[in-house]
Amino acid sequence: MSQPEQQSFLTHLECSLCGEKYDPDRLWNLCPRCGKPLLARYNLTKAKASLSPDDLVKREPTLWRYGELLPVRQKSYRLSLGEGYTPLHRAFRLEHEIGHSPIFIKDEGLNPTGSFKARGLSVAVSRAYELGARALSIPSAGNAAGAMSAYAALAGLEAHVFMPADVPRPFINECRVLGAQVTLVDGLITDCARLAREGIEKYGRFDLSTLKEPYRLEGKKTMGYELAEQLDWSLPEVIIYPTGGGTGLVGMWKAFNELEELGWIGSKRPLMVSVQSEGCAPIVRAFQEGTEFAEPWANARTIADGLRVPSAVGDFLILRAIRESQGTAVAVSDTEIMESTYLLGKTTGIWPAPEGGATLAALLRLLKDRWIKEGDSVVLFNTGNGAKYSRLWD
C-alpha cells in the first residue's frame with residue numbers, strides 16, 4: 001500500500017535580518033529590502049497536530065521522510081537520488097586512541113555525489129524546478145557544483161557551474177559528465193560568484209549560491225532532524241562542524257528550534273563549534289572579536305577546498321548560532337587537518353574529506369584546552385568522501 005503524500009506546511013519566507021515576509025510560491029534570492037538570506041517558515045502548530053515521530057518509522061530512508069517540514073509542495077517535483085539518512089557511527093577505536101568518549105561520526109560522504117551538498121541541492125533544485133526555473137547557476141569549490149549538476153540532470157534543467165581553476169580534477173570531471181557547463185576561474189569562490197552573476201543577469205539563470213536562496217538551508221537542516229532521530233530524540237553535548245558558507249550549521253540550529261516547537265525534543269541544545277582553517281578563518285576572527293558580521297579574509301588558502309570561503313553571506317547567522325549555543329569557533333592548521341584526516345581514517349574505516357579531518361583537529365584542540373568536559377558526547381561531521389581530493393594523497 002502506498003503511503004499518503006506528505007503535505008508541506010510551508011507558509012511564508014522571512015528575512016533573517018529585517019524580518020520582512022514574502023510569498024513562498026515564487027522564486028526569490030536575497031531579501032529585496034536588506035539583501036540578507038530568506039528563511040522558510042512553516043505552520044508548526046498544524047504540523048504538530050498531524051505528525052509524530054512514530055509516523056517516520058515506515059518512511060523512506062532519505063531526507064524526504066520529513067516532507068511536511070520541507071518546502072516542495074508536489075511530490076512529483078521532489079528530486080531524489082537517495083540523499084540523506086546517512087549513518088551515525090560510534091567511533092570506539094578513535095575514543096580509545098584519544099582518550100575521550102563518546103564520539104560519533106555523522107558520515108555525509110555516503111550521500112549521492114559523495115558529500116553533504118546533495119542534501120541542500122536536492123531540495124533547492126526541486127523547489128526551483130517546481131517554481132519554474134529552467135537554468136541554474138552556482139559558484140562552487142567542488143562538492144556543491146557536483147550536487148547541483150546531478151539534480152539538474154535529473155530534472156532536465158540547464159546547469160552552469162563556476163569553479164576555481166585549481167580545484168581537484170575529479171570535481172570538474174563530475175560536473176562535465178553530469179552535463180553541466182563548467183567555467184574555470186583563476187581565483188577564489190568569491191571571484192567565481194562575481195563571474196556567475198554576469199550570466200545570471202544576462203540570461204536569467206537562477207542563482208543557487210550558498211544562502212542566496214532559501215532552500216539549500218532546508219535540505220541541510222535535515223542533518224539536525226536525523227541526528228535527533230538517530231539519538232532517540234535527544235541531542236549530543238557538542239557538535240563540531242567544518243564551516244565554509246556555514247549552511248549546515250545554520251540549518252541544524254534552525255532544525256533544533258523547529259523540533260522543540262513540534263514537541264519532539266526539549267530545550268537543551270548542543271554547543272555548536274565552527275571549525276575553519278588558519279588560512280581562511282573569517283568566522284573564527286569575528287567570533288573572537290565579538291562582531292556581528294565577519295570581515296572578508298584576505299589571501300585565503302587551505303588544502304580543504306570547502307573551507308576556502310573568504311566571505312560568507314550568512315556570517316551573522318553562523319555567529320548567532322555559535323553564540324546562542326554558548327559554543328565556540330576554532331581555527332586549525334593544514335598540518336593538523338592532514339594528521340587528523342589520517343587519524344580519523346585509520347581508526348574508523350571512513351575515508352574522510354579534509355574538512356571532516358578538520359573537525360577531529362578541532363576536537364583534539366578543545367580537549368587539550370579542556371573546553372570539552374569528560375563524558376561530553378561529541379558528534380563530528382565528515383562532510384564528504386576523501387576520494388575526490390586526489391591531489392592530497394599522492
Side-chain angles (χ1 to χ4, degrees), residues 86 89 91 94 97-98 103-111 113-120 140-147 163-174 188-189 210 220 223 239-249 273-284 297 299-310 312 329-366 378-394:
T86 56
H89 298 291
L94 178 61
E97 184 81 17
I98 68 174
I103 300 170
F104 299 88
I105 314 295
K106 183 69 166 158
D107 188 10
E108 292 292 294
L110 295 180
N111 273 298
T113 74
S115 88
F116 71 138
K117 299 290 187 180
R119 292 181 185 269
S140 170
N143 278 315
M163 307 170 84
D166 62 351
V167 302
R169 195 74 195 175
F171 291 119
I172 300 168
N173 295 339
E174 177 184 25
L188 302 172
I189 193 169
T210 301
K220 295 285 189 66
M223 292 188 293
I239 290 175
I240 304 182
Y241 195 83
T243 307
T247 318
L249 190 149
V273 178
S274 167
V275 56
Q276 297 193 300
S277 165
E278 289 179 350
C280 184
I283 298 300
V284 178
W297 190 272
N299 303 314
R301 49 181 80 234
T302 174
I303 58 168
D305 294 289
L307 300 183
R308 195 173 56 173
V309 180
V330 180
V332 294
S333 69
D334 279 359
T335 298
E336 289 175 286
I337 289 173
M338 285 305 295
E339 289 174 350
S340 294
T341 299
Y342 277 97
L343 177 58
L344 191 59
K346 76 176 185 180
T347 57
T348 65
I350 295 167
W351 188 356
E355 295 84 1
T359 66
L360 177 54
L363 172 59
L364 294 174
R365 179 83 63 81
L366 293 170
V378 179
V379 173
L380 307 179
F381 272 81
N382 173 44
T383 51
N385 187 321
K388 287 188 176 182
Y389 296 79
S390 54
R391 67 167 181 248
L392 295 181
W393 322 119
D394 292 337

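Keep in mind that the numbers below use all heavy atoms, side chains included, and drop hydrogens, waters and symmetry copies. Throughout, numbering of the chain's residues begins at 1 and tracks the sequence.
Applying the side chain to side chain contact (heavy atoms under 4.5 Å, CB included) test between Pro354 and each of Leu307, Asp334, Ile337 identifies Ile337 as the sole match.
Between the side chain of Ser333 and the backbone N or O of Glu336, at least one donor-acceptor pair lies under 3.5 Å. Between the side chain of Gln276 and the main chain of Ile283, a donor-acceptor pair closer than 3.5 Å is present. Formation of a donor-acceptor pair under 3.5 Å by the Asn382 side chain with backbone atoms of Ala353 is found in this model. At least one donor-acceptor pair under 3.5 Å links the side chain of Arg365 to the backbone N or O of Ala331. At least one donor-acceptor pair under 3.5 Å links the side chain of Trp393 to the backbone N or O of Gly386. With Ser140 contributing its side chain and Ala145 its backbone, the two residues share a donor-acceptor pair below 3.5 Å. Looking at Thr302, its side chain never comes within 3.5 Å of a backbone N or O of Ala300 through a donor-acceptor pair.
For Lys388 and Phe171, the positive end is not near the middle of the six-membered ring at less than 6.0 Å and at most 45° from its axis.
Between Tyr342 and Trp351, the gap from one ring centroid to the other reaches at least 6.0 Å.
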Could you go through the salt bridge (charged side-chain N to carboxylate O under 4.0 Å, His left out) check for Arg391 and Asp305 one step at a time? CA-CA 12 Å; Arg391 67 167 181 248; Asp305 294 289; 3.1 Å; yes

Check the pair Lys220, Lys117 against side-chain contact (heavy atoms from CB on, under 4.5 Å), reporting the backbone distance first and the verdict last. CA-CA 8 Å; Lys220 295 285 189 66; Lys117 299 290 187 180; 4.1 Å; yes

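With no hydrogens or angles considered, no side-chain donor-acceptor pair links Glu97 and Thr347 at under 3.5 Å.
Considering all non-hydrogen atoms of both residues, Pro310 and Ile189 come closest at CD-CG2, 4.2 Å. When all heavy atoms of Pro242 and Glu355 are compared, the pair lying nearest together is CB-O, 3.5 Å.
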